[in-house]
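Chain naming here is simple, since letters A, B, ... match the order of the sequence lines and numbering starts at 1 in each. Please read all numbers here as calculations on a predicted model, not as lab measurements.
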Amino acid sequence: MAVHLVKEVNGVPEVQLPSYLEEVDFRSLQLGCDYTNKFIQGTVSFIYPLTQLGDGTAFLKIILQEKEKFHPEINTINILFFGNLAEQCAKIVHQGDTIIVTGFVLEETSYSSEREKNCLQLKMSPNESTVYVYVKCDTVISEEPICLSVTPKYTYTPLNQLKHGSVVNVYGAVKFFKPPYRSRGTDYCSVVSIMDQSNAKLTCMLFSVNLDTLPVIYKIGDIVRFHRLKIQQYKNEIQGVTTVGFSSLTFEGTLGTPVIPRTSSKIYTFTSDDQKTVEALRVWAAHHISSSGALIKLSDVKAMQFFDLTCELVGKAEVDGSSVLLKVWDGTKPPFPSWKVLFEDGSLEGDADRINQLQNLTVDILVYDNHVALAKSLQIGSFLRIYSLHTKIQPITPKKQSNIAHLEFHLHGGTCYGRGIKVLPENNCDVEELKRFLDSVDLAEYQQLENICDLDYNISSSFSSQDFVSPCDLERCQQLSATVLTDHQYLETTPLSAILKRDAPQQYRIRAKLRNYEPQKLYQSVKLHCPKCHSLQEVPHESDLELVLQEAATEQPDPKLQNTSLYNSEVWTTQNQQERKIVIHFIKNDGILQVPEVTLIMIEGGLLSEIYQLSKKFKGVIPVKSSQEDLIVLDLAVPFLIQGKTWHYGCKQCSKLKTMQNLNSLVKEASWTPVCIAEALGIVPLQYVFVMTFTLDDGTGTLKVYLMDCEKFFQIPASEILNSDDLQKNMEMIMYMLCPPGKKIGEYPWLECFIKSYNVRNEVEQEICYRIFDTVIAEDLI
DNA sequence: GGTTAGGGTTTG
């Protein structure tokens with residue numbers, strides 16, 4: 001006995017009936033014949049309600065109509081089902097369905113009504129009959145998923161073997177995704193990029209009028225299976241697009257979690273092979289796809305950041321036509337208090353008591369434009385993942401009485417970087433974990449601590465707030481400095497007035513405020529320092545670099561120096577009037593060219609914009625020129641190596657340049673670190689440093705101290721800041737906190753620092769200077 | 001059956 005569901009795509013059933021079965025049409029049915037290996041097919045024209053026979057056996061009767069109406073006189077037949085088969089068919093079979101039945105017994109109707117007089121009927125045996133119910137693949141026919149017992153064989157194409165124009169089935173790990181959003185057309189859209197063990201990536205444009213049929217992806221690394229994906233070409237790249245009958249399964253990507261598909265399909269195949277494929281992809285993805293690094297707790301957010309947040313919605317308000325306010329929490333305390341978005345009285349949805357109770361733990365998110373409709377539909381209490389949420393520091397304006405930095409949270413319009421909101425189901429493992437965590441937060445205890453925590457925020461008023469501190473919080477209180485000492489904590493604090501009276505060299509621990517600092521402009525504080533001769537120089541301006549490069553580009557590259565055992569060379573000619581020649585030398589690894597991401601290249605005749613473009617693609621770029629015997633470093637006035645966003649310079653005084661063939665020593669290990677490259681080329685690399693003067697004041701005196709720092713003090717690499725807006729904003733934020741403009745010095749935060757004094761002798765006199773060491777900015781501020 | 005979007009942050 002069995003009821004099978006057969007998926008029908010484009011009118012074609014996905015499984016074949018067993019070959020021994022033979023079709024009979026209604027007219028050929030004859031009493032007394034053996035129908036063991038025969039089947040009939042038709043459309044269900046009526047289903048009677050499921051009833052019970054006298055002995056309690058379930059009974060179902062349906063009327064089947066022959067599909068092809070060749071024989072109008074005999075085009076329907078009754079089929080009788082008993083027992084479990086009757087119960088199952090009652091659940092699954094609907095009027096209008098196409099069904100096939102086999103293993104029946106033909107008998108004459110026992111009824112004597114006029115209409116059914118002399119009619120035949122099929123009696124289905126609970127043990128020997130089989131019913132195949134055909135289902136159009138997008139039709140939902142049952143509340144419970146039912147697996148096909150006749151399994152169609154699907155083949156899955158590796159992502160590196162996709163052919164334009166084909167319709168394929170694929171598996172992949174999610175590399176990127178945009179949660180479904182309303183397109184400008186009729187459908188929802190979700191963009192999903194997947195990768196598999198072939199290391200190929202496929203970006204898919206998935207459309208559906210029905211939100212439920214799009215894959216239910218929650219995070220990067222989830223595993224998906226797509227059936228009937230059309231492969232087409234767009235802008236010289238292959239892409240996947242939904243086509244008729246598209247369906248998907250999504251699996252949690254985390255290793256070791258149960259392999260349970262997320263899908264709206266009520267019927268789907270899932271074999272042990274599928275299970276193995278998912279597990280293998282999970283292992284591969286764990287090593288090759290960086291998981292959602294953007295998933296961050298509120299306690300870890302930075303002042304200027306895009307990230308994904310998993311949270312609970314506690315309040316909601318329409319602010320104006322183009323934005324909605326969401327009040328959410330994740331149980332952790334943000335490093336800065338949230339801004340408070342204003343809204344009209346009465347427009348806030350949510351439990352007022354709870355919103356009030358959680359006010360210090362919730363953040364206000366403003367949601368704009370295309371996300372507004374979805375935001376409006378959200379239920380209070382639901383668990384959300386908000387993708388690519390943006391934090392900004394709220395400017396302190398004179399109007400605002402608060403002197404505390406606040407964080408703004410924005411979900412901007414558009415869908416870039418997958419920006420959007422997704423409601424997570426209660427049984428999602430991240431939600432379960434979040435719920436456990438939210439339940440464990442002791443709000444009462446938290447509120448007692450609130451005053452102390454305000455000190456964290458309000459470091460600028462820590463002077464007057466120390467009265468609040470209870471003994472148990474003493475340790476935290478002692479750290480209420482905007483800086484942290486990394487060593488020598490045994491040293492006692494020395495007043496600045498005492499330091500000013502003493503000889504050098506000495507080391508001191510001090511506690512003071514930053515009255516002033518120079519230079520005020522950040523870019524002026526970044527310099528290049530030679531660790532050998534200790535010279536300091538300015539970071540060259542782009543226009544100076546361009547001049548050197550332009551000059552060098554007029555020189556002819558030497559063809560004799562092209563294509564050696566170390567590198568392959570390509571000569572490109574620019575298309576402008578001067579027809580400048582650019583030569584790119586691709587350094588090989590053991591004689592073999594590698595993918596651009598790991599390949600070091602040398603460039604002759606390239607201008608700044610070209611070098612900049614190439615540095616995005618290749619592991620590193622070395623500007624070179626032809627000399628008599630070998631390629632050599634172009635000029636130490638320009639970087640000897642451009643790697644990512646860092647431009648590495650060498651010291652003109654200390655370097656003793658060697659030619660490019662010396663890179664041979666590094667090839668085997670492909671150790672293309674700036675230090676190794678510099679060493680091989682005889683270059684003493686210059687370090688990027690912040691050089692600043694702090695005027696410190698502790699009330700007993702003021703002292704000018706130098707800060708020279710690569711990245712320890714601010715925990716921001718000086719080598720990257722000039723090319724990073726985000727780092728620059730972080731740095732500005734730190735300086736803003738240390739020395740808040742428009743405030744009295746009493747409101748400034750304390751800095752605990754180590755300083756060392758040393759003697760500097762110039763032509764006329766000896767002077768004592770001071771320098772900060774072993775001190776870093778407190779993590780709360782970063 | 002065609003359209004939508006075609007990954008690569010707003011500027012509130």
B:dT10 base stacked by A:Y368 (centroids within less than 5.5 Å, tilt under 30°) = no
For A:Y181, answer base if it contacts any base atom (sugar-phosphate contacts may also be present), sugar-phosphate if it contacts only those atoms, and nothing otherwise; contact means non-hydrogen atoms under 4.0 Å.
-> sugar-phosphate
Find the distance A:I238:CD1 to B:dA5:P and express it as a whole number of Å.
-> 22 Å
Does any N or O donor sit under 3.5 Å from an N or O acceptor when you compare the side chain of A:S193 with the base of B:dG7?
-> yes
Rounded to the nearest angstrom, tell me the gap between atom OH in A:Y234 and atom P in B:dG7.
-> 7 Å
Rounding to a whole Å, what distance do you find between A:Q394:CD and B:dG12:P?
-> 13 Å
Between A:F207 and B:dT4, do the rings stack, that is, sit under 5.5 Å apart with planes less than 30° off each other?
-> yes
Taking the side chain of A:T186 as its heavy atoms from C-beta onward, which of B:dT10, B:dG6, B:dT4 lies nearest to it?
-> B:dT4
Anti/syn call for B:dG7, syn if |chi| within 90° = anti
Euclidean distance, atom NE2 of residue A:H371 to atom P of B:dT10 [Å, nearest integer] | 10 Å
Does a side-chain heavy-atom distance below 4.5 Å link A:K327 with A:V363?
-> no
Any side-chain heavy atom of A:P215 within less than 4.5 Å of one from A:F177?
-> no
Decide yes or no, distance alone: a donor-acceptor N/O pair under 3.5 angstrom between the base of B:dG7 and the side-chain of A:K201.
-> yes
B:dG7, B:dT10, B:dA5: which one has an atom nearest the side-chain heavy atoms of A:K392?
-> B:dT10
From B:dT10, B:dG1, B:dG6, pick the nucleotide closest to the side chain of A:H390?
-> B:dT10
Identify, between A:S322 and A:V191, the residue whose nearest nucleotide on DNA chain B lies closer to the 5' end.
-> A:V191
Whole Å only: how far is the CD1 atom of A:I421 from the C1' atom of B:dT9?
-> 15 Å
Would you mind classifying the nucleic acid contact of A:G414 as base, sugar-phosphate or nothing, using non-hydrogen atoms under 4.0 angstrom?
-> nothing
Rounded to whole angstroms, how far apart are CZ on A:R182 and P on B:dA5?
-> 12 Å
List in chain and number order the residues that pass salt bridge (charged side-chain N to carboxylate O under 4.0 Å, His left out) with A:E720, two or more places apart in sequence or in another chain; answer none if no residue qualifies.
-> none
Quick one: label A:Q232 by what it contacts on the DNA or RNA (base, sugar-phosphate, nothing), any heavy atom closer than 4.0 Å.
-> base
Examine B:dA5: is either OP1 or OP2 under 4.0 Å from a nitrogen or oxygen in the side chain of A:R184? Give yes or no.
-> yes
Consider the side chain of A:H412, meaning its heavy atoms from C-beta on, and name the nucleotide among B:dT10, B:dG6, B:dG1 that approaches it most closely.
-> B:dT10
Between A:E237 and A:K201, is the closest basic N to carboxylate O distance under 4.0 Å?
-> no
Which residues pass the salt bridge (charged side-chain N to carboxylate O under 4.0 Å, His left out) test with A:D274, sequence neighbours left out?
-> A:R225
Compare the minimum distances between each of B:dG6, B:dT3, B:dG7 and the side chain of A:Y417, then state the nucleotide with the smallest one.
-> B:dG7
Would you kindly give the CG-to-C1' distance between A:L411 and B:dT11, to the nearest whole Å?
-> 14 Å
Should the pair A:W339 and A:H410 be assigned to parallel (<30°), tilted (30 to 60°) or perpendicular (>60°) ring geometry?
-> tilted
The residue, A:D369 or A:F176, whose nearest nucleotide of DNA chain B is more 5′ is A:F176
Whole-Å gap separating C1' (B:dG2) and CE (A:M205) = 16 Å
